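Everything below concerns the one structure shown next.
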Amino acid sequence: MTQESALDEVTTVGGVLTDQHPLDFHALGLAGCIDRLTAPLRREGTAVHWETPHHGIEISADSASVLYQGAQEALSNTFKYAHATDVTVRLSAVFHGIRLTVTDNGTGFDDSCPATGRHDGYGLRPVSEAVHEAGGVLAIASAPGQGTSLTITLPLD
């Protein structure tokens, strides 16, 4: 399968980025699986930047799944609502853990009021619950006109 046809397997269903290909963290790595989700954004002209200074860290399949789910929700929200021209995805090692940050330069929202009328935030609830169950922390920072940043930090111990 070519890279181009693999990226074409990522579609939007109701604005949610959906990869039609089964996840293979072993073959593609977490970054590769998340990168596939950026294809619809790239097709719309959004620049996607990667920062992955986590080389050599072993991430369990459960942790990778939680991080992937968070990235999927963040990138879907960027695609549906943000009108961003630039997205940065960062995977990094932190003290005894792994951190995923997805940041866009889109329209943002008032993060002190989760229900903005445009969307209800329900997509982040399962992500928040999964992060909490894994012993991690989910943080969202946003402001109108300032973009949005979603950060998930999970312990590796």
Side-chain angles (χ1 to χ4, degrees), residues 1-12 15-109 111 123-124 126-143 146-157:
M1 174 181 316
T2 68
Q3 175 73 11
E4 195 168 305
S5 66
L7 293 178
D8 287 340
E9 291 181 10
V10 176
T11 60
T12 59
V16 175
L17 304 181
T18 305
D19 192 345
Q20 304 301 315
H21 193 269
L23 289 180
D24 190 349
F25 294 125
H26 181 71
L28 297 175
L30 176 59
C33 289
I34 293 172
D35 190 51
R36 289 171 53 89
L37 292 173
T38 66
L41 289 160
R42 290 178 181 179
R43 284 193 293 263
E44 295 289 320
T46 304
V48 177
H49 307 280
W50 272 93
E51 298 175 6
T52 56
H54 74 285
H55 304 291
I57 294 176
E58 191 162 324
I59 304 169
S60 71
D62 288 342
S63 291
S65 181
V66 170
L67 294 170
Y68 178 86
Q69 181 184 2
Q72 183 178 27
E73 185 61 29
L75 293 167
S76 291
N77 287 341
T78 297
F79 183 80
K80 288 190 291 188
Y81 305 117
H83 308 290
T85 59
D86 195 85
V87 174
T88 299
V89 180
R90 180 178 177 86
L91 277 170
S92 58
V94 294
F95 187 68
H96 293 289
I98 185 81
R99 178 170 291 152
L100 166 74
T101 304
V102 179
T103 305
D104 69 53
N105 69 343
T107 57
F109 60 92
D111 64 4
L124 287 171
V127 172
S128 179
E129 290 170 9
V131 169
H132 180 73
E133 287 176 15
V137 177
L138 169 68
I140 300 170
S142 188
Q146 301 297 311
T148 301
S149 181
L150 175 137
T151 301
I152 297 172
T153 306
L154 297 178
L156 288 179
D157 297 333

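In this chain, residues are counted from 1 in sequence order. From a predicted model like this one, the values you see are computed outputs, not experimental measurements.
In this structure His132 satisfies the side chain to side chain donor-acceptor pair (under 3.5 Å) test with no other residue, sequence neighbours excluded.
Looking at every heavy atom in both residues, Val131 comes nearest to Val137 through CG1-N, 3.4 Å. Closest heavy-atom contact between Ala71 and Val102: CA-CG2, 4.4 Å. The shortest non-hydrogen separation linking Gly108 to Ser142 is CA-OG, 3.3 Å. Counting all heavy atoms, side chain and backbone alike, Gly123 lies closest to Val127 at O-CG2, 3.9 Å. Gly135 approaches Pro155 most closely through the heavy-atom pair O-CD, 3.5 Å. When all heavy atoms of Glu51 and Thr88 are compared, the closest pair comes out as OE2-CG2, 3.8 Å.
For the side-chain contact (heavy atoms from CB on, under 4.5 Å) with Leu150, the lone residue among Thr101, Leu138, Thr103 that qualifies is Leu138. Under the side chain to side chain donor-acceptor pair (under 3.5 Å) rule, Thr78 has a single partner from Asn105, Asp104, Thr148, which is Asp104. With Phe25 as the partner, the side-chain contact (heavy atoms from CB on, under 4.5 Å) test is satisfied by one option alone out of Leu30, Ile59, Leu67: Leu30.
Without hydrogens or angle criteria, Ser60 side chain to Ser63 main chain gives a donor-acceptor distance under 3.5 Å. Side chain of Thr85 to main chain of Thr46: no donor-acceptor pair is present (N/O by atom type, distance under 3.5 Å, no hydrogens or angles).
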Start with the C-alpha distance between Arg42 and Asp35, add both sets of side-chain angles, then the distance that settles side-chain contact (heavy atoms from CB on, under 4.5 Å), and finish with yes or no.
CA-CA 10 Å; Arg42 290 178 181 179; Asp35 190 51; 3.0 Å; yes
field: Worked verdict on Phe109 versus Ile140 for side-chain contact (heavy atoms from CB on, under 4.5 Å)
entry: CA-CA 11 Å; Phe109 60 92; Ile140 300 170; 3.9 Å; yes
As a quick check of understanding, evaluate side-chain contact (heavy atoms from CB on, under 4.5 Å) for Trp50 and Leu91, giving each step before the final call. CA-CA 8 Å; Trp50 272 93; Leu91 277 170; 4.3 Å; yes
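One distance of note links CG of Leu75 with OH of Tyr68; it measures 9.5 Å at 0.5 Å rounding. From His96, atom NE2 reaches atom CG of Leu154 across 15.0 Å, with rounding to the nearest 0.5 Å. Rounded to the nearest 0.5 Å, atoms CG (Leu41) and CG (Asp86) are 11.0 Å apart. Atom CD of Gln72 and atom CD1 of Ile34 lie 10.0 Å apart (nearest 0.5 Å).
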